[in-house]
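Lettering of chains follows the sequences in order, A, B, ..., and the numbering in each one begins at 1. Only heavy atoms go into these numbers, but all of them, side chains included; no hydrogens, no water, no symmetry mates.
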2 protein chains.
Amino acid sequence: MAHAPGPLDELDRKIIAALTANARTSFAEIGTAIGLSATAVKRRVDRMRETGVITGFTATVRPAALGWRTEAYIEVYCDGAAPPRRIAEVVRRYPEITAAMTVSGGADALLHVRATDVEHFEEVLERIRTESFIRKTISYMVLSHLIPDSPEAGAGSSAVQGYGLDEPGSPTR
Amino acid sequence: MAHAPGPLDELDRKIIAALTANARTSFAEIGTAIGLSATAVKRRVDRMRETGVITGFTATVRPAALGWRTEAYIEVYCDGAAPPRRIAEVVRRYPEITAAMTVSGGADALLHVRATDVEHFEEVLERIRTESFIRKTISYMVLSHLIPDSPEAGAGSSAVQGYGLDEPGSPTR
DNA sequence: CCTGAAAGATCGGGCGA
DNA sequence: TCGCCCGATCTTTCAGG
């Protein structure tokens with residue numbers, strides 16, 4: 001939680017590369033790969049967590065396997081003074097909203113939404129549109145991913161995920 | 001790599017929740033938490049990796065700490081027949097493009113881009129705009145994230161990340 | 001499908017260079 | 001900062017219900 005990132009050397013970067021490739025790689029294995037002892041690797045990892053460079057370790061899951069089969073981005077246009085704080089409060093109430101940010105350009109905010117299916121998405125969209133300060137929305141349904149593994153992880157400062165128990169109970173079947 | 005996801009029971013979901021919260025949680029700990037032996041937990045995790053439910057384990061990193069301080073979404077409008085395959089090929093050549101997808105709505109594709117700074121982003125954008133089939137682009141610079149931890153991980157079927165050694169050599173300093 | 005046992009690897013703290 | 005040492009814990013395979 002400290003905040004003194006301090007420059008990372010090449011060893012730190014290699015450690016990060018190893019851990020992003022596989023978060024469960026042992027410190028010993030990383031160590032032999034980069035010419036350091038397991039202890040030294042662990043210390044560096046601890047320090048990077050301390051300073052907020054590494055914000056966590058997470059399993060990546062195929063959302064469809066958990067029942068989230070629909071994905072969309074929503075541009076949000078707000079009334080006059082749209083205080084980001086207000087938007088943030090509202091947005092946090094939706095488990096379907098997995099990312100939200102203010103943006104420059106036409107829209108005030110951009111939301112990333114996951115839903116079980118199109119019906120569910122429509123329901124979420126309608127709920128969002130009734131929020132007091134929202135003037136207009138434009139939705140982009142995601143059709144297909146062009147990059148097999150779209151990282152995007154750590155877009156904010158991710159540490160905990162936890163989409164999985166929120167809503168859908170129907171696996172791939 | 002097999003593909004027969006087969007329904008997940010509640011135990012599987014709890015294991016996923018534990019591993020997304022912290023990918024380095026030991027099987028033993030997960031086991032005691034959900035009332036299973038470490039062996040049983042491992043077997044279930046192995047199976048879920050096998051069937052593609054869990055696609056990998058990754059460290060989440062604060063991009064700014066690695067030198068990626070600028071983030072944007074780009075709507076791409078293509079000429080006439082815009083074959084997704086063609087777009088995918090091109091898009092894969094850009095290390096700065098961390099996610100790309102085809103979308104319904106006005107635009108043909110939506111790109112997520114990370115750059116070291118605004119100058120770098122402008123340079124990337126200009127390169128993208130010279131691609132043969134692109135007619136028009138609209139950029140949204142990300143100003144601030146409204147959800148502290150925007151998961152988004154596993155948007156596709158993530159297993160490896162690896163942004164970190166591609167370009168920027170300048171840490172936080 | 002599960003548990004339990006056992007061998008080897010890993011973790012994590014302490015200590016000295 | 002590092003590497004080495006060591007007890008506790010974890011991983012992984014195997015046998016058995």
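Going from atom CG of N22(A) over to atom P of dT10(C) covers 13 Å, rounded to whole Å. Nucleotide dG13(C) holds its P atom 11 Å from the CZ atom of F27(A), rounded to whole Å. The separation between L19(B) atom CG and dT11(D) atom C1' is 14 Å, rounded to whole Å. For the pair R24(B) CZ and dA9(C) C1', the computed distance is 13 Å after rounding to whole Å. The distance between atom CD1 of I30(A) and atom P of dG12(C), rounded to the nearest whole Å, is 13 Å. To the nearest angstrom, P of dC2(C) lies 9 Å from CD1 of I34(B). Rounded to whole Å, atom C1' of dT11(D) lies 15 Å from atom CD of E29(B). Counting to the nearest Å, the C1' atom of dC1(C) and the CG atom of L11(B) are 11 Å from each other.
Among the nucleotides dC10(D), dC11(C), dT3(C), the one closest to any side-chain atom of A28(B) is dC10(D). Residue R44(B) places its side chain closer to dC2(C) than to any other of dC10(D), dC2(C), dG3(D). The side chain of K42(B) approaches dT12(D) more closely than any other nucleotide in the set dC11(C), dT11(D), dT12(D). If you check dT13(D), dG12(C), dG3(D) against the side chain of S37(A), the one that comes closest is dG3(D). Picking from dG12(C), dC10(D), dC2(D) the nucleotide with the shortest atom distance to the side chain of L36(A) gives dC2(D).
In this structure, W68(A) is not a member of the same hydrophobic cluster as L143(A), with clusters built from ILVMFWY side-chain heavy atoms closer than 4.5 Å.
Here the CG-OG1 distance, from L19(B) to T60(A), works out to 10.5 Å after rounding to the nearest 0.5 Å.
R47(A) comes within contact range of no nucleotide atom at all, as no heavy-atom separation falls under 4.0 Å. The residue T39(B) sits close to a base: some heavy atom pair falls under 4.0 Å.
If you check distances only, the side chain of R43(A) never reaches the base of dG12(C) with a donor-acceptor pair under 3.5 Å.
Taking the side chain as every heavy atom from C-beta outward, L111(B) and Y94(B) never approach each other to under 4.5 Å.
Remark: R24(B) is positioned above the aromatic ring of F27(A), its terminal NZ or CZ atom under 6.0 angstrom from the ring centre and at most 45 degrees off the axis.
Between Y77(A) and E75(A), the side chains place a donor N or O and an acceptor N or O closer than 3.5 Å (distance only, hydrogens not considered).
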